[in-house]
Each structure stands twice: as structure tokens, then as C-alpha cells.
Amino acid sequence: YNNDLLRYIGCTENQVMECVRNFDANNLTDSFNNFYSSINLNPNLIFIPLYDGEFLQEEPIKLLDQGNFKKCPLILGYNKDEGNFFLGMDNRDYSNIKILESINYARFSNIISEYITYYPRLPYVADQKIRDTIFYRYSNWENLENSFENFQNLNRFLTDSQFLCPANKIAEYYFNSGFDVFLYEYQHVSSLSRWPKHYGSVHGDELPFIFGQPLDPKYKYSQTEVEFSRKLIKYWTNFALCGNPNGLKNYVWVSEAQER
């Protein structure tokens with residue numbers, strides 16, 4: 001879709017760099033959103049790997065099937081409420097709210113339909129049976145107009161489809177290849193979060209804690225969060241050092257193999 005987008009904003013193929021560099025940033029953002037709205041495609045779905053036969057020689061899922069990936073221990077995971085971040089960013093009236101707004105089933109259906117047109121990923125188009133199955137799984141059949149459950153189910157669908165399921169699949173490939181896998185679900189909601197509390201632990205919420213922001217007194221995190229951040233830093237640095245977040249056994253994080 002890159003060439004289509006360039007044509008949409010009036011850039012010719014032989015003047016791409018000059019045209020884009022001189023394009024007003026705000027207008028470019030608006031044009032970007034308007035273009036993808038015009039073809040009924042959610043912009044979040046287009047950021048997919050480009051396999052050019054040189055650097056990346058095949059579609060990643062096929063490389064994984066072939067066992068053609070770096071063999072090493074792995075640490076990966078997802079946040080419990082990843083999906084709410086993207087729902088908030090994609091739907092301006094859905095974000096920056098202090099109380100839960102009305103999300104009727106018609107709105108629920110419209111939002112979820114945007115994400116399942118191309119499922120599980122571009123360029124594949126989901127057939128009707130897959131779409132029906134997804135709607136069946138994530139609809140609150142006891143009361144389709146229950147705003148809170150619709151809110152929660154939208155989050156669950158996006159978290160599952162975009163983060164939880166891919167993380168579990170990657171973990172399975174590495175585990176089956178005989179490597180230690182340390183898989184996590186991040187649930188903490190920061191005391192400094194700018195999101196309403198019912199958004200939960202959204203995409204990116206773990207980063208300030210992994211990179212030590214709570215250790216800086218000017219941010220005024222709670223002492224519990226300071227210690228939590230220290231623990232995460234230790235996990236990640238131990239893993240970088242020796243391939244195991246437990247390091248010299250000063251913390252206990254059980255690998256997938258040990259749990260099984």
C-alpha cells in the first residue's frame with residue numbers, strides 16, 4: 001500500500017524523498033489516516049515484516065516452521081490489557097475518558113470488524129467462518145448491549161490476537177527446539193498512568209519499570225513500585241548476561257520447561 005499512499009498525497013515515484021520531506025507533518029498524518037479509512041483498512045494492521053529475499057528471505061511464520069531462527073533462550077510476554085491502548089488511539093472518542101462510555105453491540109461489531117477483515121494478518125483475508133467464530137467467542141451473549149462487557153471483550157480480542165497468541169506461538173517454537181523460554185503476563189497498573197483505571201495494564205506500561213524510571217525520585221513513584229522496578233531490571237539484566245532471568249538464583253522465575 002505504500003505506492004498507493006504516495007499517489008494519494010500527490011507524490012510521484014521519481015520524486016518520493018523530496019516530496020515526503022517537504023510534506024507538512026500534520027497534513028501527512030491526516031492524509032495517512034484518511035487514506036486507510038478510504039480503503040477500510042486499520043493502519044495498525046499494515047506494520048508487517050517485509051521479506052525481500054535478501055535480509056529477510058521468507059515470511060517469518062514460514063521461517064519458524066522450517067526451524068530457521070536464532071537458537072537461544074527467550075524471554076517474552078504481553079501486557080494483560082494490550083488491546084485498550086490501540087482502541088484508545090484508534091478511536092479518539094474512546095480515549096482520554098474518566099468513566100466508561102456506552103459501547104453498544106453495533107459499535108462493538110464495527111470495531112472488531114476492522115481488525116478481522118485481514119486475519120490472522122495481511123495479506124490474508126479471513127473467510128466468513130473465521131469471522132463468525134471470532135464474533136461467537138468474544139460476544140457477550142447473555143447481554144449484547146452490556147457496555148462494560150463489550151469494552152472488556154474488545155480488549156480481550158485485540159490482546160489475544162495481536163499479542164498473547166503470537167507470544168505463545170513463538171514460545172512454543174523455541175520450547176520445542178529445546179531452549180529455555182521465560183514467558184510473562186504483565187498486570188501492574190502504574191500509579192502515574194495517564195489512562196483511566198478501567199483501561200488496566202496497556203501496551204507499553206512495563207517500559208518505565210524495566211528501564212528504571214521509578215528509581216528517579218522526581219517522579220514520585222511508591223516505594224513498592226521502586227522495588228518492583230528494581231526486580232524487573234534484575235530479571236532483564238540477568239537474562240542479558242547469562243540467558244536466565246534468575247541469574248545467581250537471587251530471584252525465582254520458572255521456565256516453561258520447569259513448569260511442564
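Values below: every heavy atom of this structure, side chains too, minus hydrogens, waters and symmetry copies.
Neither side chain, Tyr174 nor Asp180, offers a donor N or O lying under 3.5 Å from an acceptor on the other. In the model, Arg156 has a side-chain atom that pairs as donor or acceptor with a side-chain atom of Asn153 under 3.5 Å.
Thr133 is not listed as a side-chain neighbour of Arg137, based on a closest heavy-atom distance of 4.5 Å or more. At least one side-chain heavy atom of Arg230 sits less than 4.5 Å from a side-chain heavy atom of Val226. Side-chain contact between Leu232 and Tyr184 is absent, with no heavy-atom pair separated by less than 4.5 Å. Counting only heavy atoms from C-beta outward, the side chains of Asp160 and Tyr138 approach each other to under 4.5 Å. With a 4.5 Å cut-off on side-chain heavy atoms, Asn246 and Asn238 do not count as touching. The shortest side-chain heavy-atom distance between Leu76 and Leu183 falls under the 4.5 Å cut-off. Counting heavy atoms from C-beta outward, Thr237 and Leu241 have side chains that stay 4.5 Å or more apart.
Cluster annotation: Phe228 and Phe239 are assigned to the same hydrophobic cluster (Ile/Leu/Val/Met/Phe/Trp/Tyr, side-chain heavy-atom contacts under 4.5 Å, transitive). Follow the hydrophobic side-chain contacts under 4.5 Å out from Val181 and you never reach Leu63; the two are in separate clusters.
Checking side-chain atoms of Ser177 against main-chain N and O of Tyr173 turns up a donor-acceptor pair under 3.5 Å. When atom types are taken as modelled, the side chain of Ser191 and the backbone of Tyr221 share no donor-acceptor pair closer than 3.5 angstrom. With Ser201 contributing its side chain and Asp81 its backbone, the two residues share no donor-acceptor pair below 3.5 Å. Between the side chain of Asp205 and the backbone N or O of Val202 there is at least one donor-acceptor pair closer than 3.5 Å. Here the side chain of Ser139 pairs no donor or acceptor atom with the backbone of Tyr136 at under 3.5 angstrom. Lys197 places no side-chain N or O within donor-acceptor distance of the main-chain N or O of Ser193, the cut-off being under 3.5 Å.
Considering CD1 of Ile111 and CD of Glu114, their distance stands at 7.5 Å, rounded to 0.5 Å. Once rounded to the nearest 0.5 Å, the distance linking SG of Cys11 with CE of Met17 reads 10.5 Å. Summarising the geometry, atom CG belonging to Leu28 is positioned 12.0 Å from atom CG belonging to Asn22; distances are rounded to the nearest 0.5 Å. Taking CG of Asn140 as the start and CG of Asn146 as the end, the distance is 5.5 Å to the nearest 0.5 Å. Note that the CD atom of Glu145 and the CZ atom of Arg107 stand 12.5 Å from one another [nearest 0.5 Å]. From Leu215, atom CG reaches atom CD of Glu225 across 11.5 Å, with rounding to the nearest 0.5 Å.
Residues meeting the salt bridge (charged side-chain N to carboxylate O under 4.0 Å, His left out) test with Arg131, sequence neighbours left out: none. A search for ring-ring contact (aromatic ring centres under 6.0 Å, His included) contacts involving Tyr78 returns nothing, not counting sequence neighbours.
Atom CD of Glu142 has 12 or fewer heavy atoms from other residues, nucleotides or ligands within 6.0 Å. Other residues, nucleotides and ligands contribute only 12 or fewer heavy atoms inside 6.0 Å of the NZ atom of Lys129. Residue Phe211 places its CZ atom among 12 or fewer non-hydrogen atoms of other residues, nucleotides or ligands, all under 6.0 Å distant.
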Inset, instruction - Kindly indicate, with the supporting measurements, whether the criterion side-chain contact (heavy atoms from CB on, under 4.5 Å) is fulfilled by Leu192 and Tyr219. - result: CA-CA 8 Å; Leu192 273 61; Tyr219 291 104; 4.1 Å; yes
Inset, instruction - I would like to know whether Ile170 and Leu64 meet side-chain contact (heavy atoms from CB on, under 4.5 Å); could you show each step before the answer? - result: CA-CA 8 Å; Ile170 295 292; Leu64 289 166; 3.4 Å; yes
Inset, instruction - Decide yes or no on side-chain contact (heavy atoms from CB on, under 4.5 Å) for Asn84 and Phe151, but give the supporting numbers first. - result: CA-CA 9 Å; Asn84 280 337; Phe151 176 91; 3.8 Å; yes
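Considering all non-hydrogen atoms of both residues, Asn79 and Glu82 come closest at N-OE2, 2.6 Å. The minimum heavy-atom distance between Asn150 and Leu144, with the atom names listed, is ND2-O, 3.0 Å. Nearest approach of Ile9 to Ser31, heavy atoms of both residues: CG2-CB, 3.6 Å. The nearest pair of heavy atoms linking Lys80 to Asn155 is O-ND2, 4.1 Å. When all heavy atoms of Gly243 and Pro73 are compared, the pair lying nearest together is O-CB, 3.5 Å. Considering all non-hydrogen atoms of both residues, Gly212 and Ser229 come closest at CA-OG, 3.5 Å.
Lys231 forms no cation-pi arrangement with Tyr235, by the criterion of a distance under 6.0 Å to the ring centre and an angle within 45° of the ring axis.
One finds a salt bridge joining Arg7 and Asp4 here, because a Lys/Arg side-chain nitrogen approaches an Asp/Glu carboxylate oxygen to under 4.0 Å. Looking at Arg21 and Glu18, no side-chain N of the basic residue comes within less than 4.0 Å of a carboxylate O on the acidic one, giving no salt bridge.
Between Phe163 and His203, the ring planes are tilted. Angles from 30° to 60° get that label. Taking the six-membered ring where the residue is Trp, Tyr105 and Trp141 present tilted rings, their angle falling between 30° and 60°. Taking the six-membered ring for Trp and thresholds of 30 and 60 degrees, Phe209 and His188 have ring planes more than 60 degrees apart, a perpendicular arrangement. Ring geometry, Phe135 versus Phe108: the interplanar angle exceeds 60°, so the pair is classed perpendicular (tilted spans 30 to 60°).
Note: Phe69 and Phe179 fail the aromatic proximity criterion, with ring centroids not under 6.0 Å apart.
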